[in-house]
Amino acid sequence: MPPARPLPPSFYARPTLQVAADLIGMRLRHEAPDGTAAGVIVEVEAYIGEDDPACHAAAGPTARNAPLYGPPGLAYVYFNYGMHWLVNAVTESDGAPAAVLIRALEPVEGIDLMRARRASRRASGDIGFAGTDADLCRGPGNLTRALGITGTENRQPLWEGPLRIERPARRPSRPVAWSPRIGIRVGQDRPWRAYVVGHPAVSGRPR
DNA sequence: CGTTCGATGCACT
DNA sequence: GTGCATCGAACGT
């Protein structure tokens with residue numbers, strides 16, 4: 001495995017759209033008690049400031065969104081729809097609430113472990129994950145499940161510790177496009193979703 | 001193909 | 001009580 005360096009806090013202390021664009025091609029790794037899994041980021045969304053109606057900071061500071069107001073480079077992990085953990089990287093600076101949501105990964109390490117974590121019991125009693133490798137981390141709720149990310153990782157630094165974002169030794173240039181964000185009912189006028197064009201692990205496309 | 005809808009927990013009004 | 005930064009099964013065409 002070639003060397004990969006964790007991104008320093010200064011990487012995140014920049015305009016959020018710039019951080020979002022630069023996160024494409026970086027590697028998200030989680031070293032959990034039950035094993036390590038990692039994937040290359042292929043889809044992200046930016047949520048920027050109290051003026052962004054889709055950002056959790058839109059209504060001002062609360063207990064839940066406190067990490068958004070804190071220092072850049074920490075993880076903001078929250079529970080949504082009663083069953084999905086979603087992971088963000090906090091950006092900008094103290095007092096400027098913003099983050100980048102990680103929406104999809106191309107699996108590169110621990111694929112068997114990802115399959116085990118995604119496995120589900122069917123009516124027949126069979127256990128397993130029916131999809132392809134590209135489906136394992138396709139979508140923000142799916143990737144946290146595949147990597148074993150939960151609320152335990154909330155507010156943890158992304159440059160050290162079990163959950164990290166790293167710059168791979170080789171980072172092939174891929175065509176990136178921007179679109180409105182997915183799954184929100186407000187703020188759709190802002191094209192703040194970045195994704196690798198045509199990549200099979202990107203969400204919001206047919207199987 | 002397409003669209004609808006239930007699951008499921010919690011922050012916030 | 002309402003509404004989610006979702007997912008996938010279950011429908012209808």
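All chains are named by letter (A, B, ...) in the order of the sequence lines, taking the proteins before the strands, and each is independently numbered beginning at 1. Hydrogens, waters and symmetry mates play no part in the numbers below; they use all other heavy atoms, side chains included.
Here the CD atom belonging to A:Glu106 is positioned 10.0 Å from the SG atom belonging to A:Cys137, to the nearest 0.5 angstrom.
When the P atom is used for both B:dG6 and C:dT2, the distance is 16 Å, rounded to whole Å.
Listed nucleotides C:dC7, B:dT13, C:dA5 differ in distance to A:Ala59; the shortest reach to its side chain belongs to B:dT13.
Side-chain contact annotation: A:Arg193 with A:Ser179, donor-acceptor N/O pair under 3.5 Å present.
Other residues sharing a hydrophobic cluster with A:Leu86 under the 4.5 Å side-chain heavy-atom criterion for ILVMFWY residues are A:Tyr47, A:Leu68, A:Tyr69, A:Tyr76, A:Tyr78, A:Val90, A:Leu101, A:Ile184.
Distance CZ (A:Arg117) to P (C:dC7): 17 Å, rounded to an integer number of Å. What separates CZ of A:Arg64 from P of C:dG3 is a distance of 15 Å, to the nearest Å. For the pair A:Arg185 CZ and C:dT2 P, the interatomic distance rounds to 15 Å; values are reported in whole Å. If you take CD of A:Gln188 and C1' of C:dA5, they are 12 Å apart, rounded to a whole angstrom. Look at CZ on A:Arg190: it is 14 Å from C1' on C:dA5, rounded to the nearest Å.
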| field | Steps toward salt bridge (Lys or Arg N to Asp or Glu O under 4.0 Å) verdict (A:Glu92, A:Arg14) | value | CA-CA 5 Å; A:Glu92 306 278 348; A:Arg14 297 183 296 145; over 6 Å; no

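Within 4.0 Å (heavy atoms only), A:Arg145 reaches no atom of the nucleic acid at all. In this structure, A:Ile184 reaches the sugar-phosphate backbone alone: every heavy-atom distance under 4.0 Å involves primed, P, OP1 or OP2 atoms, never a base. Residue A:Arg181 is out of contact with every strand shown, counting any heavy-atom pair closer than 4.0 Å.
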| request: Taking Watson-Crick and G-U wobble pairs with both distances under 3.5 Å, convert DNA chain B into its dot-bracket string, 5' to 3', dots for unpaired and | for cross-strand pairs. | output: |||||||.||||.

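The only member of A:Val108, A:Ile41, A:Ile165, A:Leu105 that meets side chain to side chain contact (heavy atoms under 4.5 Å, CB included) when paired with A:Arg27 is A:Val108.
Ion pairing between A:Arg118 and A:Asp135 fails under the 4.0 Å rule for side-chain N and carboxylate O. Here A:Glu166 does not pair with A:Arg171 in a salt bridge; the nearest charged N to carboxylate O distance is not below 4.0 Å. In summary, A:Asp189 and A:Arg181 do not engage in a salt bridge, as defined by a charged side-chain N under 4.0 Å from a carboxylate O.
For the segment residues 68-94 of chain A, the set of residues with a heavy atom within less than 4.0 Å of an atom of DNA chain B comprises A:Phe79, A:Tyr81, A:Gly82, A:Met83, in numerical order.
Checking side-chain atoms of A:Asn142 against main-chain N and O of A:Leu136 turns up no donor-acceptor pair under 3.5 Å.
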